[in-house]
Amino acid sequence: MINPLIVEIFDDIALLLELQDDNPFRIRAYRRASLNVQALSEDLTQIAERGELQSIPGIGVDLANKIKEYIATGKVKFYEELRKKTPAFLLEMLDIPGVGPKTAKAIFEKLKPKNLKELEAMGRAGKIRKLPGMKEKTEQNILEGILLLQKHRGRTLLGKALPLARELVSQLSGFKGVNGISYAGSTRRMCETIRDIDILIASAASAPIMDAFVRRKDVWKVLAHGHTKSSVVMKEGLQVDLRVVDKDCFGAALLYFTGSKAHNIQLRSLAKKRGYKINEYGLFSVKSNKRIAGRTEEEMYKALGLSYIPPELREDQGEIDAAAHGKLPRLVEKKDIKGDFHMHSKWSDGANEIEEMVASAKKRGLKHVVLTDHSQSLKIANGLSPKRLLQQIEIVRKLNKKLSGITLLAGSEVDILSDGSLDFEDDLLKKLDFVVASVHSGFKQSKEQITRRIVKAMQNKYVRLIGHPTGRLLGERNAYEVDFDAVFKAARETNTALEINSYPQRLDLNYTYARRAHEMGVMLAIDTDSHTHDQFDNLEYGVATARRAWCAKENILNCLDLPELKKRIAKQKS
DNA sequence: GCCGTTTTCGGCCCGACTGTTTTCAGTCG
């Protein structure tokens with residue numbers, strides 16, 4: 001997959017051009033192209049082979065040629081030359097919050113620091129304040145920016161950011177004069193990782209709210225503190241931006257601060273074409289400067305002739321066009337999920353007894369769950385031997401008779417071994433109600449090997465589902481190399497579902513692959529892979545991923561009632 | 001550098017906060 005490399009090159013080119021004070025629209029073009037490449041689920045190499053690079057929005061003749069050049073030579077000459085011209089540390093300086101191209105260049109040209117440490121020493125020695133246009137404050141801010149950069153690197157999992165955002169919303173909503181409140185930004189779009197939390201408040205009296213916000217005990221550092229906008233870094237490292245607007249503008253502001261940036265740009269272009277202007281205060285007629293909409297997001301979309309676009313879809317992935325033609329899907333919701341096909345108990349590496357897991361699932365409204373402890377090869381997770389699995393099946397059957405309001409099914413998360421065979425014999429799998437097959441080893445195999453392995457597992461007539469199909473762990477391990485088209489095709493042909501694993505560090509399939517999979521006719525299943533009783537709460541992250549993948553409930557296997565599911569299973573693979 | 005239901009040339013989203021300025025440039029989202 002060369003896409004991440006192209007993304008990095010385009011982003012770097014944008015920064016390098018910025019340092020050269022190049023045409024800002026040219027710079028934006030590289031950024032836009034990078035965003036659109038990021039959103040692809042298919043490898044650029046394949047798109048290039050079909051000669052369709054220019055069908056990607058933001059990719060024209062020139063950028064298509066740069067991609068082709070990279071595929072052919074592993075290099076982009078234009079990029080190499082730009083880099084040669086620019087010292088590496090100058091580029092690195094742009095990572096410091098508050099330091100942009102102008103400041104970076106001014107400092108670099110005069111002081112020639114070689115690294116962050118040297119720059120910091122220069123700041124401490126009072127050398128930066130002597131430069132034209134800079135005083136003590138600028139110097140101070142750069143020093144603090146360096147500190148921030150060291151503390152606040154990387155992104156935070158949605159599973160951590162969302163609860164924090166909700167907590168902040170709940171606390172701030174109790175404030176006097178708050179007429180409306182919501183978190184916005186990538187948290188509201190349910191992106192898998194979050195850079196900072198955005199909170200929007202509707203109120204006529206912003207100053208006291210701002211004051212209280214920046215004085216919170218859990219605030220580490222105040223980055224900005226204005227009348228309507230403040231930014232802080234929390235002690236645990238996450239940045240939170242708070243914005244206060246009048247309640248008449250709440251919808252326009254919520255739309256704006258939810259983003260994505262690319263979605264906003266498309267909306268504004270559309271507005272412009274129709275003689276309107278959009279900002280965070282509303283939709284205005286350019287001619288009369290009269291406000292047309294702004295109280296609610298629904299009102300804003302309606303005024304633009306669009307149906308309401310749920311936040312999860314606002315990624316500039318065709319949603320505006322679909323909304324204009326009434327073709328948005330009716331997205332799956334958490335309440336549509338009837339069962340969970342993937343959970344563990346103390347028998348393998350779970351923390352709770354089977355009964356506790358079932359009770360927890362029932363409490364959350366699930367109607368059926370499949371117990372899928374690990375198989376024998378996964379020693380580290382105390383995988384079940386055939387003998388223990390047979391015992392467990394019996395216990396499951398007995399326990400199920402005692403249950404009401406929820407059905408417990410017998411299953412296994414069986415390992416797909418390195419040659420593609422399964423960790424249990426068919427005779428044993430046959431006794432189970434539902435089999436999940438997953439890769440837990442041999443991540444470094446070649447693309448062909450892993451693809452063959454997974455396809456072979458899907459051809460087993462008892463395997464209903466492939467668990468966490470790409471094996472990635474956010475911030476820890478990349479997805480293994482696999483030919484997705486081959487996997488999706490085989491999944492469709494063998495009637496095997498693919499999982500959207502809800503565990504916040506997995507979210508696997510991710511939303512772009514999940515979208516392509518169901519568009520190719522593959523059934524998906526949203527599972528929690530719970531290892532403790534409270535992890536059933538992760539379901540909402542999996543549902544969000546499915547929504548971001550444009551899934552309706554018809555695309556999701558666990559939206560079926562148990563009788564329907566059983567019918568489907570009986571028909572499947574027979 | 002991209003793009004076209006006004007355009008193949010001339011546009012390209014919009015505003016808040018900060019610091020160093022006496023009216024604005026730089027940075028950020």
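Just so it is clear: chains get the letters A, B, ... in the order the sequence lines come, proteins before strands, and each one is counted from 1. Computed from a predicted model, the values in this text were never measured in an experiment.
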Minimum heavy-atom distance A:Y256-A:N264, with the two atoms named: O-ND2, 2.9 Å
Nearest-angstrom distance, C1' atom, B:dT7 to B:dC2: 14 Å
Residue pair A:D211 / A:H225: nearest heavy atoms and the distance that separates them: OD1-NE2, 3.1 Å
Separation of atom CZ in A:R26 from atom C1' in B:dG11, rounded to whole Å: 17 Å
Anti versus syn assignment for B:dT7, with syn defined as within 90° of 0: syn
Residue pair A:R515, A:Q317: steps toward the side chain to side chain donor-acceptor pair (under 3.5 Å) verdict: CA-CA 11 Å; A:R515 180 166 176 191; A:Q317 297 290 307; 4.5 Å; no
Aromatic plane relationship, A:F89 with A:F108 - under 30° parallel, 30 to 60° tilted, over 60° perpendicular: tilted
Chi angles and distances behind the salt bridge (Lys or Arg N to Asp or Glu O under 4.0 Å) call for A:K84, A:E80: CA-CA 6 Å; A:K84 238 181 268 168; A:E80 303 288 327; over 6 Å; no
Touch class at under 4.0 angstrom, heavy-atom based, for A:I13 against every strand present: nothing
Integer angstrom distance from the C1' of B:dG10 to that of B:dG15: 24 Å
Sugar-phosphate, base or nothing in reach of A:N141, heavy atoms under 4.0 Å: sugar-phosphate
Sugar-phosphate only, base, or nothing, as touched by A:T103 at under 4.0 Å among non-hydrogen atoms: sugar-phosphate
Out of B:dG1, B:dC17, B:dT21, whichever nucleotide has its closest atom nearest the side chain of A:H227: B:dC17
Between P of B:dT27 and CD1 of A:I142, the distance in whole Å: 10 Å
Minimum-distance nucleotide (side-chain atoms of A:D62 versus B:dG1, B:dG15, B:dT27): B:dG1
A:T138 side-chain N/O to B:dT20 phosphate OP1/OP2 under 4.0 Å: yes
Sugar-phosphate only, base, or nothing, as touched by A:S230 at under 4.0 Å among non-hydrogen atoms: nothing
side-chain N/O A:R243 vs B:dC17 OP1/OP2, d < 4.0 Å: no
Nearest-Å distance once atom P is located in both B:dT5 and B:dG1: 23 Å
Touch class at under 4.0 angstrom, heavy-atom based, for A:K272 against every strand present: sugar-phosphate
Sugar-phosphate only, base, or nothing, as touched by A:I27 at under 4.0 Å among non-hydrogen atoms: nothing
Heavy-atom donor-acceptor pair, A:D196 side-chain to B:dG29 base, under 3.5 Å: no
Nucleotide B:dG11, atom C1' - distance to CZ of A:R32 in whole Å: 14 Å
Distance, C1' atom - from B:dC28 to B:dT22, rounded to whole angstrom: 24 Å
A:T228 side chain near B:dC17 phosphate (N/O to OP1/OP2, under 4.0 Å): yes
Options B:dC12, B:dC14, B:dT20, nucleotide nearest the side-chain atoms of A:N23: B:dC12
Short side-chain donor-acceptor distance under 3.5 Å, A:T470 and A:D508: yes
B:dT8 pairs with, by Watson-Crick or G-U criteria that keep both distances under 3.5 Å: none
Sugar-phosphate only, base, or nothing, as touched by A:K105 at under 4.0 Å among non-hydrogen atoms: nothing
Rounded interatomic separation in angstrom, taking CZ from A:F78 and P from B:dG1: 6 Å
Shortest side-chain distance from A:K137, nucleotide among B:dC2, B:dC14, B:dG19: B:dG19
Separation of the C1' atoms in B:dT6 and B:dG11, to the nearest angstrom: 12 Å
Sugar-phosphate, base or nothing in reach of A:N264, heavy atoms under 4.0 Å: nothing
Nearest-nucleotide 5' precedence on DNA chain B, A:G100 against A:Y281: A:Y281
Whole angstrom value for the distance that separates P of B:dC28 from CG of A:L94: 8 Å
Atom-pair distance (CZ on A:F257; C1' on B:dC17), nearest Å: 12 Å
Nucleotide nearest A:A224 when distance is taken to its side chain, options B:dC17, B:dC12, B:dC14: B:dC17
A:G60 vs A:Y256, nearer the 5' end of DNA chain B by closest nucleotide: A:G60
Atom P, compared across B:dT21 and B:dT27: separation rounded to whole Å: 15 Å
Span that lies between the C1' atom of B:dT20 and that of B:dA25, in whole angstrom: 9 Å
Distance in angstrom units between A:M134 CE and B:dT27 C1', rounded: 13 Å
Donor-acceptor under 3.5 Å (A:S173 side chain, A:V169 main chain): yes
Whether A:Y30 and A:F78 hold their rings parallel, tilted or perpendicular, with breakpoints at 30° and 60°: parallel
Proximity to the side chain of A:K229 - top-ranked nucleotide from B:dC17, B:dT27, B:dC12: B:dC17
Touch class at under 4.0 angstrom, heavy-atom based, for A:P57 against every strand present: sugar-phosphate
Residue pair A:T528, A:Q535: steps toward the side chain to side chain contact (heavy atoms under 4.5 Å, CB included) verdict: CA-CA 7 Å; A:T528 63; A:Q535 286 178 358; 5.6 Å; no
Nearest listed nucleotide, side chain of A:K277, among B:dT18, B:dT27, B:dC14: B:dC14
Span that lies between the P atom of B:dC9 and that of B:dA16, in whole angstrom: 37 Å
Spacing of A:L283 atom CG relative to B:dC14 atom C1', expressed in whole Å: 14 Å
Closest nucleotide among B:dC17, B:dG29, B:dC12 to the A:K261 side chain: B:dG29
